[in-house]
Structures are given as C-alpha cells and as structure tokens.
Amino acid sequence: MINHAAIEARWQKAWADAKVFEVEPNEKPALLVTAAMPYLDMPQHVGHLRTYGTADAYARYMRMRGYNVLYPMAFHATGTPVIAIAKRVGTGDPDILDTLKLFGVPDEEVKKMVEPVYITKYFENEMRRGMVAAGYGIDWRCSFTSIDPLFSKMVEWQFMRLHDLGFLATGAHPVGWCTNEGNAVGQHDTHGDVQPKIEKLVAIKFKDSGSGVFFPCLTYRPETVYGVTNIFINESAKYVVAEIAGSTCYLSEASAKALAEQTSVRVISAIQTSELLKKKAINPLTKEEVPVLPGFFVKEDTGTGVVMSVPAHAPFDYAALMRLKISGHALPEMQYRRVLRIEGRPDDEALFENVRTIGHAEAIRIGDSTTEADLELATKAVYSEEARRGVMLVGKYAGSREPEAREAIAKDLIDAGQAFRVYALANEEQVICRCGTKVIVKVVTDQWFINYGDEKWKASVKKHLLRMKLLPKNTVNLYAATVDWIDERAAERAQGLGTRFPFNPEHIIESLSDSTIYMCFYTFAHTLRTYGVKPEQLKPEFFNYVVEGSGSVSATAAATGIDASVLKKCKDSFDYWYTFTSRHSATDLIPNHLTMYVFNHVALMKEEHWPKQIVANALVNYEGEKMSKSLGNIVPLIEGVRKYGADSMRMVEIAGAELGSVTNFSVEAMNGVDERSEFLYRTVADIPSLQAGALGHIDYWLYSRLNTKIKAATASMDELRFRAAYDDIFYGSVLELRHYFARGGANAVVVNDYMRAITIMLAPVMPHFAEELWHMLGASGLVVQEQWPAADEAMINSEAEEFEDMLDAIVSDISTAKEMTSRMEANKGKSIRRIAVIVAADWKSAAQNAFVELRDIGRVMAMRELADVDRETLSKALAQFAKKGRELTRTRAGTASSTRPALDEARQYIAGQLSLGPGVQIAVELETESRSARAGRAMPGKPSIDIQWG
RNA sequence: GCAGGGGUGGCGGAGCUUGGCCAAACGCGCAAGGCUUAGGACCUUGUGCCUUAGGGCUGCGAGAGUUCAAAUCUCUCCCCCUGCACCA
C-alpha cells in the first residue's frame, strides 16, 4: 500500500527546502496564475480543491513547459460575513455553532470568534495549512488579505481613478432593507439565507369621482387596466389618506409606512373602509367609473393595499366577485372584458372559461377541493400563457404582444402622471432578517455606483473579450451576455470590514468591487514588505507609476518618499508578470466578479496588461449530491487529504470531468485512482526484475503509444482539458502497460523510459506521487522542475499500433465465431481442434490501395501489377472495396510475409485472451497456402478465421 | 420572467467546433470464465435487439427540414441545471 501521508510530507518538505515556488522575474516567459481569493469565513472544504487545484495543476504544467510561473494566494475578509459570524457567535446562535463544529473548529477557538479580526486570522492559518496539504505550489511571500492597510491604499487609488475617469455615479436604488438594523439586507443576512428578490410594479391611479383623491391600484399587469370592473380593498385593514410623491391617495396604513422607504409619504388622516367602499373611481384610460369592493385576498402590507379587479384575466378577482355574489353582495354589472387573445389558439375561449370555472369553484368551494392554492396555480398558468402568446385586443397597443404592451402602457401611465413605480419583494415566502424583522424594499438615495452601463466602457470590454482566451469555450456567450446586461452597481456599503469609500468615508467599499484588480498587488506585495514601505507612502503616485504606467521614477520617489530602486523593482515585477496572466475561478462568478475583473483592468491599465485568459470551472458534487451545510455532507479539505490522500483527490476533482462539468467526489472514484496508482507503483518497483536486450515489436508498440499519447495529452493540456489529458496519461497508461505485459513485453529499458515520461506528465495533477515515482526511477532532482516531454514523431509507428488493434479484433472475431459455430448442429458434442488465422495475400493490399486511389474497378483490374491475379477473385475483392465506399482508406497493415511471423508470436496471447485450453491448436496461415474454404475472406488488416471442430 | 448552459445504453460520461471510419471511448454496475478452501481482491470475455461464423436492424429529449449521408447543421416544441446584483 502506498503511504500517502509519508509521501506527501516528504515532497512538500523537499519543495519548500528547494524554494521551487518562490520565483522572481527572469529571462523565461512569465505566467501569473491567480485563483479567486477565498473568503475568510469558513475553512476550505474538499470542493474548493477543484478551483485551486486546477489552477495549481495548470501552473505546474506551464512551469514544465518552460514558463516562469508565479502562483500566489491572498485572502478576502471584506464585507459583512465575518462581522456576522462574530455577532452570531456572540449571541450563541446554535446555527453558526453547529456549522463551525461541522468544520472542525475547536470549541476554545469558537469562543474567541466574537472578534472579527481574530476570525480572519484563524481561518487564514487554517486555509494556508489546507493549501499546503493539498500540494498547491504557492509563493507565500506574496500573500495579503483584503483588509491589509497596504492593500487598502490600492483600493482607494482604484476608486479615485474610476471617479476621475467618470465611471462613478450617484443615484437612487432599491434594496432589501431591515428597518430595525437600518441596513441593506443580502442573502446571508436573512433567515435561511434567502435572497430578497426585488421586482418593479406599478400603481395605477384611479381618481375617486367624489373627492378627487386617488386609489393607487398595485398591479403586475398594467395592460389589463382596459378590463377593470372594480377596485378591491381589504375590508378589515386600516386605511389612510396620504400624500405620495405629490398626489393624495387612499392606501392601507401598513403600506403607507412601507412606501415611506421608497418615496415621500405624508399621512394626512385615517379613513374607514366603510367610507371607501361607498366610493367610485375613474379608470384613467377608459374613463369608466367602477365601484370599490372588499376583496378577500388583498394584503394590507403589500404594495398599496389597493388593487384593480380584472376578472377576465385574474382568477383571484373572479373568485372574489363570486364570493361577494354568493354572500348576497350587490355587484356591479360585470363586464369580464378580455383585453387580449391567445395567439395560435383558436379555442382560446376555453382558457378564459377555465379562469371562470376555477374562480367559481374556489368561491363556492365545491367539495372543499378547490382552494386558494388552485387559484395561485391558475393565476400562474394564465399569466405565463398570456405573457407568451398574448396579443392585445384593445387600446393604443392593440395587436402588440403582451410583454411589449405591458412595458409601454406602464411607461405611458407613469409619464402622464397616472401611475407611479412601487418596488416589492417577489419572494413567495416572507423574507425575515436574522434579527427577526420583516425585510422590506427601500429606495436608497445618494448611493454611489460604478457605472458599468457606460457604453464606451462596455464596447472596449466587449472588443477585448474577443481577444481573450475564455475557457471552457462555451462560457464566451455568458460573458458577452453579462456585458450587455450589466449596469450600475453599488460601490459602497454602510457596514462591514474593508476600505473606506473615498467620497463617503462613512461607508466602506463594497466587497466585490474592491477585489477586481487585486491580482496586480501580488507582483509587488513582498517587495513593499521587504523594504518596509508604510501605507501612508502608498500615495496615488505610486500606483500611477507602477500599475497605470504614468509618471517617472524620480517624481514618484519624491512624492512618496519610497526609494527609486524599490519603485523600479515594483514596476519591473508588475510589468513582467502581467505579460501573461491566467485567472481561475468557478463558473458562477462569470456574471459578476470575472466580468468586473475585465472591466476594471480595461479601465485602469494599459492595454498590454489587460487580462489574457480566464478559466472557469464547474463545481464538485459529493457522492452525486450537491455539497451543502443542510445535507451535512461537507468534508473539510484537511480531513479529505488525511483520509484519501491529496493526489487521489486531485486526480478525481481536477481530471474527473472537463472544466465545464461537475466532478463527482466519491469514495469509489478515489479507490479507482488508488488501484491504478498501486499498479504504476508496482510497475516501477518491478523494473529491476525485467530484462535488458534487443527490442521487439511490442516494445516499439509501447514507444509508439507513448509518443502518440504525449502528443495528444500536450494538446489537451494546452486547452486545460484535464479530463481528456489524464484519460490518456493516467488511465490509458495502465491499460497499455497491462497490454504490454500480456503480450510478453518485459524490457527494463523500455518500461523505464515509458514510466519516466508518464511520471513527468502525472506531476501536475499528482505531484507527490510523481516525485515518489521519479525518485524510485533513480532520477535526480525534483520532477516538479523537469521539462514536459516532447513527442518524438519518429517513434510513432502506426503499423505497430494497427497491428495490436488488429490483434484485439482477431480475438473478438474468434470469440464471436466460437460462439456461433458452437451452436451448429454438426458441431454438437465436439470441441475446437484448431483455429486457423488466415492472412490476406499481398496483392489484396496493393489492390485496396490502388482502389482507394483510383475509385474505379475497371482501371484497377487493368493494372499490370495485378495481372497475375485470378480475374474472378480480383473482381470479387474489388466489389467488396467498392461496397465499403468512402470508409475504405489505404491499408497500413504490413505485408503478409511480415504479419505472419508477428501473428505467430502472438498465438499464445490470443489463446490466453480467449482462455483456450492447451488442446486447441492456433495456426497462422497465408491465404495463398491455406487449404481452408474460408481463406478467400481474408482482407488486408483483417485475417480470415476458420474454426475447426473435431 | 430574463439570461447562459444542457438533454446520448442500467448509471457516470466521451463524441458534437471540422456531417460519413460511432452501438457509441473510458469507467461503474451486471453476467460468464479463470484464480481461490470460500468470500473479497485480481485477470479475461461479454453486456441495444436479431443472427447456426466476423452480418443485419434500431438508436443519441419530441417533431420537422437540409443532405447521397445527421448524435453532429437549421427550425419548432418539451424537459432539466445555473445565475439574476449591492451579496460573497
């Protein structure tokens, strides 16, 4: 058994001692590999290995390809999560205590986690340990955290530059909001980590014909205003008269309070619902007068507490009217006016009939089987059908499709002052802040944004994306779509760790926005530290000079007080490493971080320093299931390494699937890797017991396979197709070695050469195991510093490879034939006496190649070289070639005289593969000499088989 | 809803960019044989359907089209996954 732990420890120490990952600019081409810095709120779990391991394997590969590779690591601490943990630990929230326990954080450490900075320190150490254990070749000298004062100076500079360039803007913006804490609420601030979804609605103002006060009817579907029959309010709620954004309205008291967070609201007086129910209101578009009625489903705390009723298109509205009718309420003359039709559905009347049927059924509760849940379902069905195929029947937009009409009518009404925007949470369940308060929507004013909507900025990003290498290739569309869609993005926040926002020091810079150009900081972080540069010396001039490339050394030295030689060193390092960068992250960051990364580089740096390559990987499942805290299937990285070994996990996660597909972390897969590792390990260990001597066919075959493999694997690796590459390098080598040994291969030099190359190629993904094999092979130095093998075309021998393929085809053919003939009546009670393998005559290969060339039976027949062949036999063979058509290619099988001895040698192998007893004779015959009736069937590369029973 | 990705054997998953050599790599599972006191592990073969000899038929979400030829190109429809922002 391979002792993973011992091997890992030995080689991790060897790498550290040799400082192989501590690199400085040199004459080699540069490559800076960066993976998204991990957030310091949890230890790493096995899933993280996918991204960081992929980046590491790529870095190791490129190093072997002759690049000077820097793979650094930083840590993200900005924002609210760390503070949230401190708070939750402080209040003894059992949820967080369980989670920390799941991650193996000792109790005495948990106690100290009431202090945010302590949390970041703890997890930083934890993560470093995990990353070393997983075998990442990181240059730790360049590390920093996003709350490092030196780093903060760069973020400040970044935002001042964005401001100079006109990319910062202020404005109003709706956010999820907790009135208790007075803070914006994101996903991790809510119970059950629910993302508050904000949607835009519109409130259409129906004027009370008596008082002139408005009923602001909240709706998702302003286009149905043409079909309104009445207005609904909640009879049992409290209503008020209030001034909203300049107009006087009736609305529920709860709504008035909530709306005050979105716009100016001044409550004037209370009003009884009985008063409201006496009123009539005028539809602003149709000018019709409609009554106000009680609606059972109207929620007082959503929107305005006033809705318009469109029974033809809304099951709830119809049901409410039916309920009123049943309870004997006086109803207006109902109009059920349809405002749109369903295109391509001649029976669309049926759909509207259904609306009524369901509404009616709910109202009278037929057998209690039709409920409000059915109304919800019906509503959804109607909305989606009408949105997809609805065409307006009435009004200004008659003939338009529903989605366009909806937008256009909303805009017209708002522009005309007949409606206003209302934001609401779209979540089906109520969203509750961790503090217990219900989350509402607030429109934040004077909010600073980064204006990613800037057209010129977008255009240059789009243009640059076309020049970048974006992997996997099918992510290109997602980047393009993101650039099209991305708009203003909040740049500041009231709470959390981080850098103060320069234009509003009360706030901190939003935490995704402060990590868009941080990779450049790696290139000079350790220089700043080595020379003791102080944060206050990192004036804008420093970054102008080093990162932006403007200004002179002397002027920068004068402005900052930093020694000119240090400045020069920083700039040279940045210029060197930024010639070729590869950014690694998970696919889900494409629509935000990765796209913003491109935007910010394009805005702030010289074109030669813009991003060159982004690699986005999919995530990892655990035994087929998503990893999640709730499923309790999260394995901490360090625990995984201890249990399965770093290399096996790396092989499974990095090379278990192509970049864009989910890899499955399973014990079974891990065992599969272990078995093969053992096999390779034994193979290397057994080399001394093999022979030396002249090379035979099977030796040339193995060399050929090796070089074919190197060629294919190199091409795959260049595209980061790890799965394809390691199918060949790892899994394929095991199959080939087995075949080699089964065919009697036993040459120590050949196996040694083969395993040397395989070992080098294993190193990017299985670095510890590769070092161990390298050492066992008696090689000097570290494999991590070796050159990636180059394929030797001269060693690729397609004839030898084809021969082995033919051999397996023969085995398979005999096996089928054996099965078939055993069922023949004539062979009952007999056993196989002899198997003849009959090799095609040489003229057949000549004829085949001639036919492939000429594609003309007559011309081949006339060839002088084939003049000796019996006319009928030749024409039959040619007819067979013709039948194969385009599939037929030149045969590369050797001549009969060379194939025959090779097959002779392979007889034992064939017998072994078929588990034939010693009593069965295998004979290799030439077509020209064979007495078998089946001899004529032999074709180039496909000998005829004759099984003789007796 | 909007956007992006995807639907291939019992399963995971190749192949689809450059249509034909694809019943479909590789692996798992399953079956038979070998080995073994037995089991496990390991090795070999088989694993869509039909077939008394290497052949034939059907097949790649559904339907239609282009083509001599389609898993691969085009269109329509159905289904699944992911993201939708102030949050890392």
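So that the names make sense, note that chain A is the first sequence line, chain B the second, and so on, each numbered from 1.
- Heavy atoms of Q948(A) sit nowhere under 4.0 angstrom from any nucleic acid atom.
- Residues T482(A) and I945(A) both approach RNA chain B. Their nearest nucleotides, taken by heavy-atom distance, put T482(A) toward the 5′ side.
- Pairing for U17(B) is absent, with no Watson-Crick or G-U wobble pair whose two atom distances lie under 3.5 Å.
- In this entry the distance linking CD1 of I838(A) with C1' of A53(B) reads 12 Å, nearest Å.
- Contacts of V811(A) with the nucleic acid, taken as non-hydrogen atoms under 4.0 Å apart, are absent.
- Among the atoms of the strands shown, only primed sugar atoms or phosphate atoms (P, OP1, OP2) are found under 4.0 Å from some heavy atom of G79(A).
- Residue K197(A) contributes atom NZ, which lies 11 Å from atom P of G83(B) at whole-angstrom precision.
- Contacts of N477(A) with the nucleic acid, taken as non-hydrogen atoms under 4.0 Å apart, involve only primed sugar atoms and P, OP1 or OP2.
- Rounded to whole Å, the distance from CD1 on I814(A) to C1' on U44(B) is 14 Å.
- One finds a side-chain N or O of K626(A) lying less than 4.0 angstrom from the OP1 or OP2 phosphate oxygen of U82(B).
- Using cut-offs of 30° and 60° for the angle between ring planes, the F665(A) and Y622(A) rings count as parallel.
- At whole-Å resolution of the value, CD in E402(A) and C1' in G1(B) are 11 Å apart.
- In terms of polar N and O atoms assigned as donor or acceptor, the side chain of R723(A) never comes within less than 3.5 Å of the base of G13(B) in a complementary pairing.
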* Any chance you could lay out the side chain to side chain contact (heavy atoms under 4.5 Å, CB included) test for Y220(A) and E199(A), step after step, and finish with the verdict? => CA-CA 9 Å; Y220(A) 291 90; E199(A) 62 188 356; 2.8 Å; yes
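- Within the shown strands, C81(B) is the pairing partner of G4(B) under the Watson-Crick or G-U definition, both distances less than 3.5 Å.
- Of the residues in residues 730-738 of chain A, those with a non-hydrogen atom less than 4.0 angstrom from any atom of RNA chain B are L735(A), R738(A).
- In this structure, a donor-acceptor pair under 3.5 Å is absent between the side chains of R50(A) and H584(A).
- Across all strands, D946(A) comes closer than 4.0 Å to base atoms (heavy-atom distances).
- On the P atoms, G59(B) is 24 Å away from U76(B), given to the nearest whole Å.
- Taking the centre and axis of the six-membered ring of F730(A), the NZ or CZ atom of R676(A) falls outside the cone set by 45° and 6.0 Å.
- With contacts defined as side-chain heavy-atom distances shorter than 4.5 Å, the pair L470(A)/Y479(A) qualifies.
- Using N1 to N3 plus N6-O4 or O6-N4 for Watson-Crick, or N1-O2 and O6-N3 for G-U wobble, each under 3.5 Å, C73(B) pairs with G65(B).
- Across all strands shown, A24(B) has no partner, as no Watson-Crick or G-U wobble contact with both distances under 3.5 Å is found.
- If you check G54(B) for Watson-Crick or wobble pairing at under 3.5 angstrom, you find it has no partner at all.
- Among the protein residues, S944(A) comes within range of the nucleic acid bases, having at least one heavy atom under 4.0 Å from a base atom.
- For R934(A) against G54(B), a side-chain-to-base donor-acceptor contact under 3.5 Å is present.
- Residue R937(A) places no side-chain N or O under 4.0 Å from the OP1 or OP2 atom of G55(B).
- The C1' atoms of C60(B) and A71(B) are separated by 5 Å, rounded to the nearest whole Å.
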Protein-nucleotides 76-79 of chain B N/O pairs under 3.5 Å:
{"residue": "C78(B)", "atom": "OP1", "partner": "R388(A)", "partner atom": "NH1", "Å": "3.3"}

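- Nucleic acid contact for P943(A): base, since at least one base atom lies under 4.0 Å from a heavy atom of the residue.
- Using Watson-Crick or G-U wobble geometry with both donor-acceptor distances under 3.5 Å, U47(B) finds its partner in G29(B).
- Distance noted for atom C1' between A62(B) and C57(B): 22 Å (whole Å).
- G7(B) and U17(B) have their P atoms separated by 13 Å, given to the nearest Å.
- Under the Watson-Crick or G-U wobble criterion, with both distances below 3.5 Å, C60(B) is left unpaired in every strand shown.
- Between R723(A) and E658(A) there is no salt bridge, since no side-chain N of the basic residue sits under 4.0 Å from a carboxylate O of the acidic one.
- Separation of the P atoms belonging to C22(B) and G56(B) is 14 Å when rounded to the nearest angstrom.
- Atom P of G15(B) sits at a distance of 12 Å from the matching atom of G6(B), rounded to the whole Å.
- Electrostatic pairing of E927(A) and K844(A) counts as a salt bridge here, judged by a charged N lying under 4.0 Å from a carboxylate O.
- Residue E668(A) is classed as a sugar-phosphate contact, given heavy-atom separations below 4.0 Å to backbone atoms only.
- Using a 4.0 Å cut-off between charged side-chain N and carboxylate O, R705(A) and E804(A) make no salt bridge.
- Ring-plane geometry between Y909(A) and H739(A) is classed as perpendicular, the angle between the planes exceeding 60 degrees on a 0 to 90 degree scale with a lower cut at 30.
- A glycosidic torsion no more than 90° from 0 defines the syn conformation, and G9(B) adopts it.
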* Kindly indicate, with the supporting measurements, whether the criterion side chain to side chain donor-acceptor pair (under 3.5 Å) is fulfilled by N592(A) and Y597(A). => CA-CA 8 Å; N592(A) 43 62; Y597(A) 156 77; over 6 Å; no
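- Atoms CD (E407(A)) and P (C2(B)) sit 12 Å apart, rounded to a whole Å.
- Across all strands, R721(A) comes closer than 4.0 Å only to sugar-phosphate atoms, never to a base (heavy-atom distances).
- Ionic pairing of E223(A) and R221(A) is present here: one or more N-O contacts between side-chain nitrogen and carboxylate oxygen are shorter than 4.0 angstrom.
- The interatomic distance linking D728(A) (CG) with G27(B) (P) rounds to 13 Å, in whole Å.
- C68(B) and C75(B) have their C1' atoms separated by 23 Å, given to the nearest Å.
- Base contact: D727(A) has a heavy atom under 4.0 Å from a base atom.
- Of the two residues near RNA chain B, A657(A) and V175(A), the one whose nearest nucleotide lies more 5' is A657(A).
- Using a 4.0 Å heavy-atom distance criterion, K200(A) is classed as making no nucleic acid contact.
- Taking the C1' atoms as reference points, C28(B) lies 31 Å from C78(B), given to the whole Å.
- In this structure, F722(A) and Y726(A) have parallel ring planes: the angle between them is below the 30° cut-off, well short of the 60° mark.
- The phosphate of A85(B) (OP1 or OP2) has no side-chain N or O of T595(A) nearer than 4.0 angstrom.
- Among the protein residues, E675(A) comes within range of the sugar-phosphate backbone only, with heavy atoms under 4.0 Å from sugar or phosphate atoms but none that close to a base.
- Ion pairing between a basic and an acidic side chain is recognised when a charged N comes within 4.0 Å of a carboxylate O; K462(A) and D484(A) show such pairing.
- Under the Watson-Crick or G-U wobble criterion, with both distances below 3.5 Å, C42(B) is paired with G34(B).
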